Amino acid sequence: MTSFRIEGGTLIDRNDVRSFTFNGTKLSGFAGDTVASALLANGKQVVGRSFKYHRPRGILSAGAAEPNALLTIGRDGRRDPNTRATIAELFDGLEARSQNCWPNVDFDVGAVNGLLGPFLGAGFYYKTFMWPAAFWEKVYEPIIRKAAGLGRAGYDPDPAYYEKCWAHCDVLVIGAGPSGLAAALTAGRSGARVIIADEGGQLGGGILAEGGMIGDKPADATLADIVGELHALPNVEIKTRTTIFGAYDDQVFGAVERVQKHLPESAINPDRAMERLWRIVAKHTILATGAEERPIVFGGNDRPGVMMAGAMRTYLNAFGVAPGKRVALFANNNQAYQTAIDLEARGIEVAAIIDPRTCPNTRYQGKARHIAGAMVRDTDGRKGIKSITVRHDDGRDEVINVDALAVSGGYSPIVHLACHRGAKPVWSDQHAGFMPPETSDGMTPAGAVAGNVGIASCFDAGAKAAVAALDALGFSAQPANLLGSDKSDDIRQDIVALWSVPSSMGKAFVDYQNDVTAGDINLAMREGYDHVELAKRYTTNGMATDQGKTSNVNAIGILAENKGVSPGEIGTTTFRPFYTPVSFGALVGASKGFEFQPVRKSPLHGWAVRNGAKFVETGLWYRSSWFPKDGETFWRDSVDREVLNVRSNVGICDVSTLGKIEIFGADAAEFLNRVYCNAFLKLPVGKARYGIMLREDGLVYDDGTTSCLAENHYFMTTTTALAAGVLTHLEFCAQVLWPDLDVRMASATDQWAQMAIAGPKTRDVLSQIIDDDISNEAFPFLAAREVSMFGGRLKGRLFRISFSGELAFEIAVPAGYGESVADAIMAAGKEHGIAPYGTEALGVMRIEKGHVTHAEINGTVTPADLGMGRMVSVKKDDFIGQVMNLREGLVDPSRPALVGIKPKSPSDKFATGSHILNVGDEVSLENDQGYVTSMCHSPNLGHAIGLALVKGGPERYGEEVVIWNGLAGSAVAGIICNPAFVDPENEKLHA
Amino acid sequence: MSSLVKCPHCGLRPREEFAIRGEVATPRPKAGADESAWFDHVYLRDNPRGEHREYWHHAGGCRRWLVLSRNTVTHDISDVVDASTLKVGGDA
Amino acid sequence: MMRYSALSLLGNAFSKNKNWKPAWRNPDPKPHYDVIIIGGGGHGLATAYYLSKVFGVRNVAVLEKGYLGSGNIGRNTTIIRSNYLLQGNNPFYEFSMKLWEGLEQDFNFNAMVSQRGVINLFHSDAQRDAYTRRGNAMRLHGVDADLLGRDQLREKLPFLDYENARFPIMGGLMQKRGGTVRHDAVAWGFARGADQHGVDIIQNCEVTAIDREGDQVTGVQTTRGAIKCNKIGMAVAGNSSHVAGMVDMRLPIESHALQAFVSEGLKPFIDTVVTFGAGHFYVSQSDKGGLVFGGDIEGYNSYAQRGNLACVEHVAEAGMAMIPALSRVRILRSWGGIMDMSMDGTPIMDRTHLGNLYFNGGWCYGGFKATPASGYCFAHLLAKDEPHETATEFRMDRFARGYLLDEKGVGAQANLH
Amino acid sequence: MRDFPLNIVSPFPAKPAANGHAAVHIAPIGDGFVFHVLGNAGATEGSLKKLINDIAPELGGALCSPSPHQWFWIGSCEVSQDRFAEILAKLPDGFAMTDQTHGRVRMAVSGVKVRDVLAKGTMIDLAPDVFAVGQSAMTQIGQIGAMITRTDDDCFEIMVLRSFAVSLWDELHHMAAEFK
Ligand SMILES: Cc1cc2nc3c(=O)[nH]c(=O)nc-3n(C[C@H](O)[C@H](O)[C@H](O)COP(=O)(O)OP(=O)(O)OC[C@H]3O[C@@H](n4cnc5c(N)ncnc54)[C@H](O)[C@@H]3O)c2cc1C
Ligand SMILES: NC(=O)c1ccc[n+]([C@@H]2O[C@H](COP(=O)([O-])OP(=O)(O)OC[C@H]3O[C@@H](n4cnc5c(N)ncnc54)[C@H](O)[C@@H]3O)[C@@H](O)[C@H]2O)c1
Ligand SMILES: Cc1cc2nc3c(=O)[nH]c(=O)nc-3n(C[C@H](O)[C@H](O)[C@H](O)COP(=O)(O)O)c2cc1C
Ligand SMILES: [Zn+2]
C-alpha cells in the first residue's frame with residue numbers, strides 16, 4: 001500500500017479543492033496542502049531521483065530540510081527548479097515535475113549508476129579520467145556535466161516584480177512555534193516593537209502537528225487564541241512565509257518573504273512583490289527556530305515510505321494524510337513515540353517499535369510490538385518499502401512487513417542563525433546534539449533549539465527568554481502564561497545516540513541528496529580526509545541544497561565513532577548563509593533590467609532629445625554623443641560634420657555632466673595650492689586655470705579648471721568620470737589632512753546647466769545673448785566671471801576655456817533655465833550655421849588638439865608622461881604627490897610618454913589599443929614600445945590620427961613604427977608625431 | 001559592524017552609505033620629509049588582526065570623514081569620531 | 001605510495017574500497033628542516049611540491065594552522081586565465097597556464113582542469129579599447145585572445161541581457177584557454193605529490209613566532225612546538241601582515257574579505273566563465289552543477305571569513321543585470337575568504353630584510369590561477385636564491401622605487417584593486 | 001535675443017502620474033528656494049537663524065542640516081538671482097552660501113502607506129517616535145542620495161539632486177504601485 005488521505009487535518013480546507021499536475025498527471029488536493037501532502041494524499045510515493053545513483057526517492061520530511069522531494073514548479077519565466085515539495089503551498093493549476101530522471105521518475109535509465117556504485121565512491125573522479133590526457137575535457141567532463149545538477153533553469157526572463165525593505169524592532173522573534181509565540185506575546189504585551197517571523201504559511205510551528213490537547217484546550221484553539229492576540233497588538237508585526245536566511249553583523253538579519261509564491265498566476269498582483277527581501281534591524285533576537293529531527297543511517301534508509309517520525313505526525317494531524325496502512329517506528333528517543341500514539345489514534349496499525357535502547361522508559365501504552373535493543377538494518381521493496389529487516393539484540397534477524405517506516409534519531413537544534421557570525425555550536429551528550437553557542441550579541445535561544453522538549457516547556461522558555469531580553473532593553477514585562485496550570489508536559493527525552501546501524505545491509509545513506517553513504521565517510525577517513533571539513537569536501541556530504549540539515553550531525557557522529565572521540569571533538573562544519581536557498585530575484589529586488597542602476601540626466605537632456613541626439617551611457621549619466629541629421633546613416637557622417645562645423649562655424653555642446661565644486665573659505669587658495677601640483681595661490685579674481693591633481697603616490701589623478709569667482713570663492717570643474725571621486729578626495733584633504741584650514745566645499749554639479757560654444761563664430765553668437773563685453777580684450781583666454789544675459793533677466797557664469805582648441809566659451813546657467821538658454825543660443829547661432837555637437841565630436845577635436853582625457857590619464861601616468869612635466873611646481877612647500885612623484889621609477893627616462901601617431905599612408909586605419917613596435921622587430925612583449933590610447937578619424941586632416949604612450953616619447957617625432965593589432969590581424973606603418981595635430985601654436989584659442 | 005555604523009552626526013546608518021578608504025596609517029609627513037617617510041605613509045600598513053583605526057566616509061549622508069575603531073576579527077566597533085577632531089592626518 | 005590508475009580503481013572497487021591508502025602521511029614535526037614553508041594553501045603546497053620534485057630539496061615541511069586547504073585555495077571561484085596586461089605579469093601567468101595544462105599528468109591527480117574559456121564583457125568604447133590593449137599585450141606574448149563583437153557573443157551566450165540592459169553589452173574579450181579547476185583537488189594533488197617526494201605536511205600547526213639571530217631566521221615556534229630550519233618561506237595569503245609582523249615587517253598589504261557563492265545544482269546552464277564589465281560579477285558552472293560566482297571585496301579590513309549582506313545584494317544585482325534568467329535560480333551558500341590586497345594589486349615574491357626568510361603574498365583575489373607558477377617560482381627563489389625569470393618584477397622594493405605593477409591604475413589604495 | 005522667452009523646465013515628468021494612488025500621493029514641489037549655507041568651524045544654527053532674521057526676514061523658510069556647520073535653507077517663495085546676491089553680500093565671513101534651487105529638487109510624498117513605501121528605499125527608521133515631525137535626514141533611497149524631512153504624521157518631503165529626479169520619481173511610483 002501507499003499513503004492516502006484520511007479524516008481530519010487542521011490545516012486543510014476540504015471545501016476548497018485545488019487541482020494540479022504532477023509529471024503531467026492531473027491530481028487534486030485541498031487549500032492548505034503543501035505539494036508534498038497533496039502528493040502523499042494521492043499515493044504518489046516516488047517523487048524524485050537521487051543525484052548520483054538515481055535511486056527512487058520519496059518524501060522524507062515535512063519542512064525546510066527536505067532532501068529528496070525537489071520538484072520543478074511552473075514554466076517559462078516562472079519556472080522554479082529545485083523547489084521543496086514540503087514547503088511549496090498548493091494552488092490551483094500548479095504544475096510540478098520531477099527532476100534528474102530520464103525518461104521518467106518511475107523508470108530512470110540513470111539508475112544503472114547504482115550498479116557502478118563501487119567505482120563511484122567518494123572522490124572517485126580525482127583518481128580517474130586522466131587517461132588519455134585529452135579525454136578529460138573532450139569526453140569525460142561533458143558526460144559528468146550532463147549528468148550532474150538537479151533541476152533545469154530556463155533562459156526566460158522572470159516577469160515578476162521583486163522588492164527590498166528595511167524593518168526595525170526591539171525584539172525579533174525567529175520562529176513561531178510555541179516558544180516563539182510565547183516570546184512574541186510576552187514582548188508584545190510589554191509595548192516593545194516586535195517582529196515575529198516564520199517561514200511557514202501559518203503561525204504555530206510544532207503546534208500545527210499537534211493533534212491533541214494543549215493544557216485543557218485543543219491545540220488548534222490554543223493556537224488561535226495566541227495568534228488572535230498577536231494580531232491585535234499594534235506593536236507586533238507578523239511575518240509569515242518569511243525565512244530569516246542570514247544573521248549579519250550588528251544584528252541585521254536578512255529575510256525573504258514569499259509574498260505571492262503561493263498564488264496561482266491568475267491571482268498574482270503584478271504591482272506587488274513576488275518575493276520581498278527584508279533587512280531587519282533588531283535590538284535583541286529570540287532564536288526560536290526549533291530542532292530538526294535526524295534520520296538514522298541504515299541499509300536502504302532511503303526507500304520511499306521511510307519518513308521522519310515528526311513529519312509523519314504532521315501529515316497525519318495537520319494534513320489528514322496517512323503514510324500507509326501498516327507502519328513501523330524506528331527511534332532512539334521518547335518523543336518520537338508520540339508518532340506511534342497518533343497513528344494508532346487514527347486507526348493505523350503500528351506493527352512494531354524498534355528501539356536501540358535496551359530499556360526505554362517511555363509512557364507509550366499502545367498496541368504495537370515493542371522491540372528494544374534492536375535496529376533496522378535493511379529495507380526491501382522496489383518503488384516503496386515492503387518490509388524491514390530488524391537485527392535483534394541477540395543477533396537474530398527478523399523481517400517485518402510494513403508499508404511505511406517512521407524514523408527518529410534525535411533532534412538537531414536549528415542553530416544556524418546563531419552561528420553565521422562565526423560562533424561554534426556546543427556539543428551536548430544529554431541532548432545528543434549540537435546546542436546554540438553562547439553568543440554575546442543579543443540573541444537568546446529558546447525552545448527546542450535550546451533543548452526544551454514539549455510544548456509547555458517551550459511556552460515557558462520562550463516567555464522567560466523574552467522577559468530577560470526586554471529587561472535589558474528597559475521594558476518591564478511579565479512572562480505570558482499560555483497554559484494555565486499544565487501538567488502533561490514531562491516528556492523525558494532519554495536519548496541514546498545512534499548515528500549509523502553497524503550491521504547495515506546495502507547502501508546506508510547519510511546525505512540523501514548527494515548520495516553520500518556511510519561507506520563514503522569511512523573511505524574519506526581511510527584516505528586521510530578525516531577532518532570534518534575535508535570529509536565534507538571529499539564526499540560532498542552536506543553540500544546539497546539542504547546543506548546537510550538531516551545529514552551533517554550523522555556524518556559527524558560516524559567520524560567521531562570511528563575515531564573514538566566525542567562528536568564535540570569532531571565539531572561541525574561552518575554554518576553559513578543561506579539558511580535555505582534564496583532566489584536572485586529576491587536579493588536583487590527592483591534593481592533589474594533597465595533599473596539595474598539609476599539614470600542621471602543632464603538639465604539639457606530634453607533639449608538634446610529635441611535636437612535628435614543619440615545618447616551614450618557614461619557612468620550613470622546619459623550624454624549626447626552625436627546629433628544625426630536627415631540623410632546621415634552612419635555615426636561618422638554626423639560626427640565629421642559636427643567637427644568641421646565647429647572648426648569653421650560654431651557648435652554647441654552640453655558639458656553639464658562635468659563635476660562642479662564650489663569652494664569657499666579664507667584658506668581656499670592655500671588649499672587649492674596643496675591639492676593641485678601646479679601653482680594656485682596667486683590665481684586672480686576673474687581668472688580660470690587648468691590644474692592637474694596628483695594622487696599622493698605621485699601619479700596623475702584628475703585634471704580640470706578652477707576659477708576664482710571672488711575673494712575666497714572658487715569654482716572647480718572635474719572630469720565627468722571622477723566628479724564624485726574628486727569631491728571625496730577634497731573632503732579628505734580638508735577634513736582629515738588639514739582640518740585647520742578654513743575651506744568649505746559643496747557639489748554644484750546639478751545646479752548648473754553648462755554648455756560649450758566653440759568655433760570661430762562663437763563670439764557672434766554669444767554676444768547676442770550676453771550683455772557684457774566679451775571681446776578678446778574684455779574677456780581674454782581664461783577669463784572667468786559672472787555675466788548678465790538677456791538684458792539683465794538672467795545671470796550666468798562665463799568661462800573662456802576650450803577643450804576643442806577653437807575659440808570657445810563655456811556658459812553655466814541655473815539648471816532649470818538650461819533648455820531655454822540652449823534654445824536661445826541655437827536661435828542666435830542659426831545664421832552663423834550653429835549645430836549641436838556631442839561627445840564623439842568633442843573627442844575628435846580634443847585628439848586633434850592633443851588634449852588628454854582619462855584614456856591617457858589612466859592612473860599610471862605622471863604629468864611628465866603627458867608632456868606636462870613643467871607644470872609640476874618646484875617652488876611649493878607641499879602638495880599632494882610632491883615627493884612620491886620623484887621616485888626613480890617615475891622619472892625613469894624609458895617611461896612611455898605622450899605622442900601623436902598617424903598612419904604612414906593616409907588611407908590606413910588603426911585601432912585604439914594597438915601596440916607600437918619598432919620596424920623590423922620581432923613581435924614579442926619584450927619589444928613592446930607602447931600603445932595607442934585614443935584614435936579617431938580627423939575630418940580636418942582626412943585620415944586617422946591617434947595619441948599614444950610610447951617609450952622615448954617626443955624624442956621620436958618623425959620616426960616610423962609599426963602599429964600592431966594582433967586581435968584584428970593588422971600591422972600598419974605609422975609615424976610618431978606631435979600630438980597637437982591642429983593649431984599647435986594655439987592661435988585659435990586666443991582669437 | 002559591517003552592517004551598520006553609528007555616524008556621530010547622523011546616527012545609525014547602513015554600510016551602503018559609506019565609502020571606505022582604509023587604515024589610518026602613519027601621519028602624513030611634513031613638508032621636507034624624506035622619501036622613506038613618504039613610502040611608509042603611502043604604502044605600508046599595520047593591517048592588524050584586532051583593533052584597527054580606519055577612515056570611513058559618510059558619502060550618502062553628512063559627507064564627513066570618520067575614524068572608526070573597529071576590530072578586524074569580530075567587526076565590533078568601539079568608537080566612531082569625526083576625523084577632523086583627531087587631527088590624525090598630520091599637517092603640512 | 002599508491003598510484004591512481006584505472007587498474008587501481010578497478011581493484012579497489014572489487015575489494016569494497018577497503019584498501020585505499022591515505023593520500024598523504026600525517027607526520028609529527030621533525031626537529032629540523034632544510035626549508036619550512038608556512039601556510040598549507042595552494043601556494044605553500046605547490047612550493048613544497050616543486051622544491052622536492054624539481055629542485056631536489058626534500059627535507060621540507062609545510063606548516064598549516066588549520067586543515068589542509070582551509071584558506072583561500074579552498075574558497076575561491078576557481079577561475080584560471082592568463083589575460084594580463086603588463087610585462088611584469090603576463091609571462092608569469094602564462095607560465096602558470098602552461099603548468100595547469102600539464103598538471104594532472106604531472107601529479108597523478110585529476111584536478112579537473114577545464115579550459116572552457118573566459119569571456120570578459122565590455123559595455124563602452126573605453127572598455128573595448130582597454131580590452132583591445134590587453135588582448136594585444138596577450139597576443140604579443142603568444143597568449144590566445146579574441147575580441148568578440150556583439151553578434152559573436154550572442155551566438156555563444158544567448159541568455160545575456162542584450163535587450164533591456166542598463167549598460168548594453170558591446171562585446172567581450174575571450175581567452176579560450178582560460179577556465180576553471182576543481183580548487184580543493186589542487187591542494188590535495190599538490191599535497192599528495194609533495195608527500196610522495198618526502199615533504200612533511202603538518203596540519204593544525206600554527207606558526208606563532210619566528211626565531212631569529214641577527215639578520216637570519218633560525219626556526220619557528222608553533223602550536224606543535226619549536227622547529228628549526230635553514231630557510232623559511234612564507235605563503236600565508238590573507239594572514240601575510242600578521243605573520244610578517246612576527247619579524248617586525250610592515251607590508252604594503254591590507255586584508256579584506258571576499259565573498260563567493262554557489263547556487264543550487266542545475267543542469268548545464270552556462271558553459272564558459274563570464275565576467276561582467278559594468279558591475280562586479282563573474283560566474284561559471286561547476287562540474288556538480290552549481291553556479292559559482294563572486295563579486296568585489298568588502299571595502300573594510302577584515303580577518304573574519306565572512307562578508308555582509310549589502311555586498312551579497314550587489315553581487316546578485318550585477319548577476320541579474322547580466323543574466324536575467326537568474327531570477328528564479330536560488331543561491332545556496334555564501335562564504336568568505338581573506339585576501340591579501342597589495343598596494344598595486346600585484347603579488348610580491350622576494351627575499352626579505354632577513355637573509356634566509358622569503359616572502360610570497362599579496363595575491364589579492366587572483367592567486368588561484370597563479371598556484372602552480374607561484375609554487376614553481378617560489379621554489380626557484382628558495383632553492384637558488386634568485387627569482388625565476390618570469391617573476392623578476394614581483395619584488396618588494398618596487399613600491400619605494402616607483403616600479404609599480406598596477407594593472408587597474410587605481411594607485412595606493414588596497415581596497416580598490 | 002533680449003526678449004527670448006526663458007522658461008524654467010522641471011526635471012519631473014510632465015504629468016505627475018502618481019495622483020491615482022489612494023494610499024500614497026507623490027507630487028513635485030515646484031516653487032521655492034534651496035540655499036546651501038556653509039559655515040566655518042565657529043558657525044552655529046543659532047547665529048545663522050539670527051542672521052537670516054536680520055538680513056532676509058521676508059524669506060522665512062526652514063533650516064535643516066545635512067552635515068555639521070552646514071544647512072539647507074529651504075523656503076517656499078521665489079528668490080531672484082539679484083536678491084540672492086544681496087543676501088550673500090551681507091553674510092559675514094563665517095558663512096558662505098550657494099544657490100541650489102535648481103540643483104536640488106523636491107517632492108512631497110504622503111498618505112497612510114507612505115512609511116511602507118519609504119521603507120522600501122531607506123534604512124532610516126521612520127516610526128513617529130523615532131523620526132518626529134520636523135526632523136530630516138540625508139540618506140539613500142535605494143541607490144539614490146536624498147534628504148528626507150517629515151512634515152507631518154504621514155507626510156514627507158524628499159529632496160534629491162536634479163539629475164536623479166526622474167529615476168527617484170519612477171522608483172517611488174513603483175514602490176507605491178501595490179497600494180493603488
Ligand atoms: C572568494 C574568493 C574567490 C577567489 N576567486 C579567485 C579566482 O577565481 N581566481 C583566482 O585566480 N584567484 C581567486 N581567489 C584568490 C585565491 O584564492 C588566492 O589568491 C590564493 O588561493 C592564495 O594563495 P594560497 O592558496 O596559498 O592561500 P591560502 O589557501 O589562503 O593559504 C594560506 C594558508 O596559510 C595558513 N596560515 C596562515 N597563517 C598561518 C600561520 N601563522 N601558521 C601556519 N599556517 C598559517 C592558512 O591557514 C592558509 O591555509 C579567490 C579568493 C577568494 C577568497
Ligand atoms: N523536530 C521535532 O520533531 C521536535 C523536537 C523537539 C521538540 N519538538 C516539538 O516542537 C515544538 C518546539 O517548539 P519550538 O517553538 O521551539 O519550535 P518549533 O519547531 O515549534 O518552531 C520553530 C519554527 O521556526 C520556524 N523557523 C525555523 N527556522 C526559521 C528561519 N530561519 N526563519 C523563519 N522561521 C524559521 C519554523 O518554520 C517553525 O515554525 C514543541 O512542540 C516540541 O514538542 C519537536
Ligand atoms: C568552487 C566552489 C564550489 C562550491 N560548491 C559548493 C556546493 O555545491 N555546495 C556547498 O554547500 N558548498 C559549496 N562550496 C562552499 C563550501 O561549502 C565552503 O563554504 C567554502 O569552501 C568555504 O569554506 P567554509 O564555509 O567552511 O569556511 C563551494 C565552494 C567553492 C570554492
Ligand atoms: Zn553622517
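In what follows, every chain begins at residue 1, and chains take the letters A, B, ... in the order their sequences are listed. Everything numeric here is computed off the predicted structure, so don't read it as measured data.
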Checklist line | Residue A/Ser747 versus chain D: region with a heavy atom under 4.5 Å | finding: backbone
Next item on the list: Answer with side chain, backbone, both or neither: which region of A/Pro603 has an atom nearer than 4.5 Å to a non-hydrogen atom of chain D?
Entry: both
Next item on the list: Begin with the C-alpha distance, continue with both residues' side-chain angles, and end with the deciding distance and a verdict on side chain to side chain contact (heavy atoms under 4.5 Å, CB included) for D/Asp170 and A/Glu595.
Entry: CA-CA 10 Å; D/Asp170 290 345; A/Glu595 270 73 41; 5.8 Å; no
Next item on the list: Against chain D, work out which of A/Asn269, A/Asn712, A/Asp823 has the most heavy-atom pairs shorter than 4.5 Å and name it.
Entry: A/Asp823
Note to self: Could you walk me through whether D/Lys180 and A/Asp271 satisfy the salt bridge (charged side-chain N to carboxylate O under 4.0 Å, His left out) test, starting with their C-alpha distance in whole Å, then the side-chain angles of each, then the deciding distance to 0.1 Å, before giving a yes or no?
What the structure shows: CA-CA 9 Å; D/Lys180 261 195 279 226; A/Asp271 288 334; 3.1 Å; yes
Notebook entry, point to check: Can you tell which of D/Ala127, D/Pro11, D/Gly94, D/Gly103 has the highest number of heavy-atom pairs within less than 4.5 Å of chain A?
Noted result: D/Gly103
Next item on the list: Please state whether the side chain, the backbone, both or neither of A/Trp752 comes within less than 4.5 Å of a heavy atom of chain D.
Entry: neither
Notebook entry, point to check: For chain A, which residues of residues 68-86 of chain D have at least one non-hydrogen atom nearer than 4.5 Å to it?
Noted result: D/Gln70, D/Gln81, D/Asp82
Check: What closest approach, in Å, do A/Gly791 and D/Arg2 show between heavy atoms, and which atom pair accounts for it?
Finding: CA-NH1, 3.5 Å
Notebook entry, point to check: Any idea which of A/Ala815, A/Ala590, A/Ala746 has the most non-hydrogen atom pairs under 4.5 angstrom with chain D?
Noted result: A/Ala815
Checklist line | Derivation and outcome, salt bridge (charged side-chain N to carboxylate O under 4.0 Å, His left out), residues A/Arg193 and D/Asp125 | finding: CA-CA 12 Å; A/Arg193 276 168 89 188; D/Asp125 186 357; 2.7 Å; yes
Note to self: Non-hydrogen contacts under 4.5 angstrom with chain A: give the residues of residues 139-146 of chain D involved, or none if there are none.
What the structure shows: D/Gln143, D/Ile144
Margin query: Within this structure, what is the CG-CE distance for the pair A/Leu766 and D/Met1, rounded to the nearest 0.5 Å?
Written below: 11.0 Å
Next item on the list: Under 4.5 Å heavy-atom distance to chain D, tell me which part of A/Glu819 shows up: side chain, backbone, both or neither.
Entry: side chain
Notebook entry, point to check: Do A/Val281 and D/Met123 touch side chain to side chain, with heavy atoms closer than 4.5 Å?
Noted result: yes
Note to self: Which atoms of D/Val130 are under 4.5 Å from chain A, going by heavy atoms: the side chain, the backbone, both sets, or neither?
What the structure shows: side chain
Notebook entry, point to check: Between D/His174 and chain A, which part of the residue has a heavy atom less than 4.5 Å away: side chain, backbone, both or neither?
Noted result: both
Check: Which distance, rounded to the nearest 0.5 Å, do you find between the CZ of A/Phe594 and the OG of D/Ser167?
Finding: 7.5 Å
Check: Run the side chain to side chain contact (heavy atoms under 4.5 Å, CB included) check on A/Asp750 and D/Gln100 step by step: do they pass?
Finding: CA-CA 8 Å; A/Asp750 286 57; D/Gln100 286 288 322; 5.6 Å; no
Checklist line | Toward chain D: residues of residues 164-172 of chain A with heavy atoms under 4.5 Å | finding: A/Lys164, A/Cys165, A/Trp166, A/His168
Next item on the list: Would you check if D/Glu178 and A/Glu163 make a side-chain contact, meaning some heavy-atom pair closer than 4.5 Å?
Entry: yes
Note to self: Please classify the contact between A/Asp771 and chain D as side chain, backbone, both or neither, with a heavy-atom cut-off of under 4.5 Å.
What the structure shows: side chain
Next item on the list: Under 4.5 Å heavy-atom distance to chain D, tell me which part of A/Met745 shows up: side chain, backbone, both or neither.
Entry: backbone
Check: Side chains of A/Tyr817 and D/His102: closer than 4.5 Å at any heavy-atom pair?
Finding: yes
Next item on the list: Decide yes or no for A/Gln751 and D/Thr98: does some side-chain heavy atom of the first lie under 4.5 Å from some side-chain heavy atom of the second?
Entry: no
Check: D/Ile124 versus chain A, heavy atoms under 4.5 Å apart: side chain, backbone, both or neither?
Finding: backbone
Item checked: Positions in residues 37-67 of chain D that reach chain A, provided some heavy atom is under 4.5 Å away -> D/Leu38, D/Gly39, D/Asn40
Check: So what's closer than 4.5 Å to chain D heavy atoms on A/Glu786: side chain, backbone, both or neither?
Finding: neither
Next item on the list: Can you tell which part of A/Leu620 gets under 4.5 Å to a heavy atom of chain D, answering side chain, backbone, both or neither?
Entry: side chain
Check: If every non-hydrogen atom of A/Lys601 is compared with every non-hydrogen atom of D/Val166, which pair is closest and at what distance?
Finding: NZ-CG1, 4.4 Å
Check: With chain A, which of D/Glu171, D/His36, D/Lys120 has the greatest number of heavy-atom pairs at distances under 4.5 Å?
Finding: D/Lys120
Notebook entry, point to check: Atom CG of D/Leu6 and atom OG of A/Ser820: how far apart are they, to the nearest 0.5 Å?
Noted result: 5.5 Å
Item checked: Region of A/Ala824 that comes under 4.5 Å of a non-hydrogen atom in chain D -> both
Checklist line | From CD (A/Glu711) to CG (D/Asp93), nearest 0.5 Å | finding: 8.0 Å
Margin query: In the structure I gave you, are the side-chain heavy atoms of D/Phe4 and A/Val821 within less than 4.5 Å of one another anywhere?
Written below: no
Margin query: With a 4.5 angstrom heavy-atom cut-off, is it the side chain or the backbone of A/Tyr622 that approaches chain D, or both, or neither?
Written below: neither
